[in-house]
Amino acid sequence: MERPPQLDYAQNWDAAMDLTLRRFVYGSLSGAASALLLFRSPTTRWAAVAFGAGAGIGSACTDSFKLFPDTVGATFPFSLMPSRSVARDVQSRHADTPEPKHVQELLIQEAQA
């Protein structure tokens with residue numbers, strides 16, 4: 001029986017590592033190129049390279065977490081929205097709870113606007 005693609009962790013880890021390495025290198029190279037063109041001090045040049053590397057790793061990390069849905073690391077701390085399974089669980093527990101009065105007033109104001 002074939003596993004769904006989101007559960008093939010070995011393949012997802014390979015893709016995540018490849019993405020991270022490529023974006024780290026591309027970010028470092030773009031930081032080095034911009035540092036050579038824009039800055040004269042070695043300190044600011046290294047800072048530009050470090051910024052490019054950090055931006056590359058950050059974007060790779062954000063995209064890599066999309067490969068692992070419904071895991072703890074995929075929703076916290078990088079996303080303030082709960083995963084679909086958590087949201088469904090909370091909605092089912094509080095389905096009969098009325099909304100607070102100030103929330104109802106805000107919803108009415110938005111509907112009138």
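What's counted below: heavy atoms across the whole structure, side chains too, no hydrogens, waters or symmetry copies. The structure displayed is predicted, hence computed values, not measured ones.
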ask   = Any side-chain heavy atom of Arg23 within less than 4.5 Å of one from Ile57?
value =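 Sidechains of Ile57 and Arg23: no contact.
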Nearest 0.5 angstrom please: [X] [atom1] to [Y] [atom2], how far?
{"X": "Asp18", "Y": "Trp13", "atom1": "CG", "atom2": "CH2", "answer": "14.0 Å"}
{"X": "Leu21", "Y": "Tyr26", "atom1": "CG", "atom2": "OH", "answer": "9.5 Å"}
{"X": "Trp46", "Y": "Ser41", "atom1": "CH2", "atom2": "OG", "answer": "12.5 Å"}
{"X": "Ser34", "Y": "Arg45", "atom1": "OG", "atom2": "CZ", "answer": "10.5 Å"}
{"X": "Asn12", "Y": "Leu19", "atom1": "CG", "atom2": "CG", "answer": "11.5 Å"}

request  = Examine Val25 and Met17 and state if one hydrophobic cluster contains both, with Ile, Leu, Val, Met, Phe, Trp and Tyr joined whenever side-chain heavy atoms are less than 4.5 Å apart.
outcome  = no
ask   = Can you hop from Phe39 to Val49 via hydrophobic side chains spaced under 4.5 Å?
value = no
